[in-house]
Amino acid sequence: MSAAPQSRERAAQAVPASSSATGGDPDGESERVAEAATGLDMILTDAALGPLRRLLPPLSSSLRFTAGLARHPRAVGGHAGHLVGELGRIGLGRSEVAPGPKDKRYADPAWSGNGLLKRAMQAHLVAAETATKLVDDAQLPWAHDERVRFSVTNIVEALAPSNNPVLNPSALKAVIDTGGRSAVSGTRRLVRDLSSAPRIPSMVEPDAFEVGKDLARTPGVVVLRTPVFELIQYQPTTPTVHAVPLVMVPPTINKFYIADLAQGRSIVEHMVAGGQQVFMMSWRNPDARHAEWGLDTYGQAVLDAMAAAERITGAEQTNLMSFCSGGIITAMVLGHLAAIGEQDRVSSVCYAVTVLDQARGGTAGAFLDEKAAAAATRASAKKGYLDGATLAEVFAWLRPNDLIWNYWVNNYLQGKPPPAFDILYWNADTTRMAAALHRGFLDMSVNNSLTEPGAAMMLGTPVDLSAVTVDSYVVAGIADHICPWQSCYATTQLLGGDTRFVLSTSGHIASLVNPPTNPKSTWRTASPNTADADEWLASAHTEKGSWWTDYAGWVGERAGDEVDAPAELGAGQPTLGAAPGTYVFDK
């Protein structure tokens, strides 16, 4: 993930019905929703300013939109005429407008069987189509197009008749079937959700899972604790292990256990089973006391974790596997090591859904400019941190259909609890971001610093990614709306060493939580890496299965000889408690 999130079309990927973590979700609906829900580890450029300002486009974008439409009066007139004509046909009951097969808002038979409901549905669909075409016809520059499109999308989705308690047939049926109890339950849920941030419908019940029991359950011990992070060493499950340890650097927002979800859905578990000596950094949840923790603080933490893993295993190198914003920090650490002549301490590095070149920032990035960045920096500096709950609220509005109105209907109109799903539980387990780190990410986003040698600094040295010659494994999701795969692919053109780029199925988090047991998993790769991402895609071949297996083989070739698994963790030094440690429970 990057400091400036990206917005792109997401795609569904079902989870096997046998997975206990899905709570019995055979059609994969929770996974589909999770695709839109993810990305809280991203730095939303203006999250500190709150989500409501994003619902209306800036004045400059509104004026450009108006001017754009004025330049195409014939197209605007054609759309208006089509809208009026179709509304007339809808009123007469002659319209053939119908929702798409994947539009679950109108799945209830009443939407097609009841004349009033059918007309309301058709009118909304026609109006939504017209609004989208008007934005297309305005032919706005990228940033202004993203801003206007974001606002139009939110307004259109909010006005859907399925969100209206008087019109939604499933809500009315629930009231009848429960004797009104659904309305009471829904009202209670609404009041509860609005009473504290994030003020959005709950996507999972707070007691749906237990960390350390259901999630983050891979056995291990804490071998290092600093004010910034805990380091977990996992218990080997094979008689021999690779000599070079694998240190995982998780995102800086949300907890580390996105890499250690339920049994069978854990990257950590998979890598341990493959004979890797796995170490995991677990970031502390910062508060106002830690406002000055910046990029250097987190970069030094990565070096401290590497040093501990080297000491414990007796190795002179480490393999690094980084995720999202943790990947940005890791790349900067590699740049620092290259500058001081010590990058040979790293045998290989993996960047999972990480964007280093932020030339295009998607919906969220389109709101990023120097003025917005400065305002956001002031807001987080005043608190001493960026609030993860506020960030969750902003991200929900990036996908209102899935993350707002879907749960509005389920939780409030029908009065039902949301289904239990491990990714959504992790997604709701937000953390704060120290103000200095927030400022550092925003500064890099505004200037796209990592693309210019020496424009970014880490621990007092200039960062030049072209000087990083460590073998790299870059993985992205083809339908990722947070870190578009094309932006992830750009990393292959920034680094100086050999880079293997792998394109996974699905979106931001499903591309990570993608175990080999998922029968629908595929991934693509090609060689060599061309400068153009689309050319690479055209030449790529598809492999069945999960990229986890491919990465395990790739990193295994760079993890040294096999040695006897350690008899005890921590190299004989006193350990600091069992995994998942204590920092993961900080609220």
Side-chain angles (χ1 to χ4, degrees), residues 29 32-33 36-37 51-52 54-56 83-84 86-135 149-195 198-203 393 396-419:
E29 173 68 12
R32 183 181 67 82
V33 172
L52 294 181
R54 309 180 105 255
L55 298 182
L56 291 177
L83 175 63
V84 171
E86 196 61 50
L87 289 176
R89 286 187 286 274
I90 290 172
L92 295 173
R94 298 174 183 172
S95 175
E96 309 233 342
V97 172
K102 294 184 179 181
D103 193 342
K104 295 183 179 296
R105 295 174 299 177
Y106 303 118
D108 193 296
W111 288 110
S112 57
N114 180 283
L116 174 63
L117 296 182
K118 182 177 182 179
R119 287 174 171 81
M121 172 194 67
Q122 290 177 322
H124 174 259
L125 292 175
V126 171
E129 179 186 28
T130 302
T132 300
K133 288 182 177 179
L134 289 174
V135 177
R149 200 174 296 275
F150 175 82
S151 301
V152 168
T153 297
N154 274 275
I155 292 171
V156 165
E157 302 301 356
L159 294 176
S162 56
N163 301 329
N164 191 319
V166 177
L167 294 177
N168 191 302
S170 62
L172 298 175
K173 291 175 183 176
V175 170
I176 296 172
D177 292 344
T178 65
R181 289 192 301 275
S182 65
V184 174
S185 175
T187 301
R188 287 176 177 169
R189 292 180 183 278
L190 176 63
V191 172
R192 183 192 67 185
D193 289 343
L194 292 179
S195 63
R199 291 174 175 82
I200 55 176
S202 298
M203 300 175 198
E393 193 173 348
W397 285 106
L398 287 176
R399 285 292 182 272
N401 226 17
D402 288 320
L403 305 182
I404 301 293
W405 305 117
N406 174 55
Y407 289 99
W408 170 274
V409 172
N410 180 83
N411 300 7
Y412 307 152
L413 303 193
Q414 297 180 340
K416 299 192 301 185

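Contact of the Arg189 side chain with the Pro417 side chain is registered, since non-hydrogen atoms from C-beta on lie closer than 4.5 Å. Annotation: side chain of Asn114 is not in contact with side chain of Pro169 (no heavy-atom distance under 4.5 Å). With contacts defined as side-chain heavy-atom distances shorter than 4.5 Å, the pair Asp103/Leu125 qualifies.
The number of heavy-atom neighbours closer than 6.0 Å to CZ of Arg192, taken from other residues, nucleotides and ligands shown, is above 12.
The shortest non-hydrogen separation linking Ala171 to Pro165 is CB-O, 4.3 Å. The minimum heavy-atom distance linking Val126 with Leu83 is given by the pair CG1-CD1, 3.3 Å. What you find for Pro418 and Ser202 is that their closest heavy atoms are CG-O, 3.7 Å. The two residues Ser112 and Lys118 have their closest heavy-atom pair at O-CD, 3.7 Å. What you find for Arg149 and Val135 is that their closest heavy atoms are NH2-CG1, 3.4 Å. Minimum interatomic distance between Val97 and Glu86 (heavy atoms only, all atoms of both residues): CG2-OE2, 3.6 Å.
To the nearest 0.5 Å, atom CG of residue Asp108 and atom OG of residue Ser162 are 11.0 Å apart. Atom-to-atom distance recorded for Tyr106:OH and Gln122:CD is 10.5 Å, nearest 0.5 angstrom. The line from CG of Asn411 to CE of Met203 is 10.0 Å long, rounded to the nearest 0.5 Å. Here the CG-OG1 distance, from Leu87 to Thr130, works out to 8.0 Å after rounding to the nearest 0.5 Å. The NZ atom of Lys416 sits 10.5 Å away from atom OG of Ser182, with the distance rounded to the nearest 0.5 Å. Considering CG of Leu413 and CH2 of Trp405, their distance stands at 9.5 Å, rounded to 0.5 Å.
Side-chain atoms of Thr178 come within 3.5 Å of backbone atoms of Ala174 as a donor-acceptor pair (strictly under, hydrogens ignored). Judged by distance alone, with hydrogens and angles left aside, the side-chain atoms of Asn163 form no donor-acceptor pair with the main-chain N or O of Trp408 at under 3.5 Å. Put simply, the side chain of Glu157 never gets that close to the backbone of Asn401: no donor and acceptor are under 3.5 Å apart. In this structure, the side chain of Arg119 engages the main chain of Ile90 through a donor-acceptor pair within 3.5 Å.
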Could you walk me through whether Arg105 and Asn406 pass the side-chain contact (heavy atoms from CB on, under 4.5 Å) check? CA-CA 8 Å; Arg105 295 174 299 177; Asn406 174 55; over 6 Å; no
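Inspection of the Tyr407 and Asp193 side chains reveals no N or O donor paired with an N or O acceptor under 3.5 Å.
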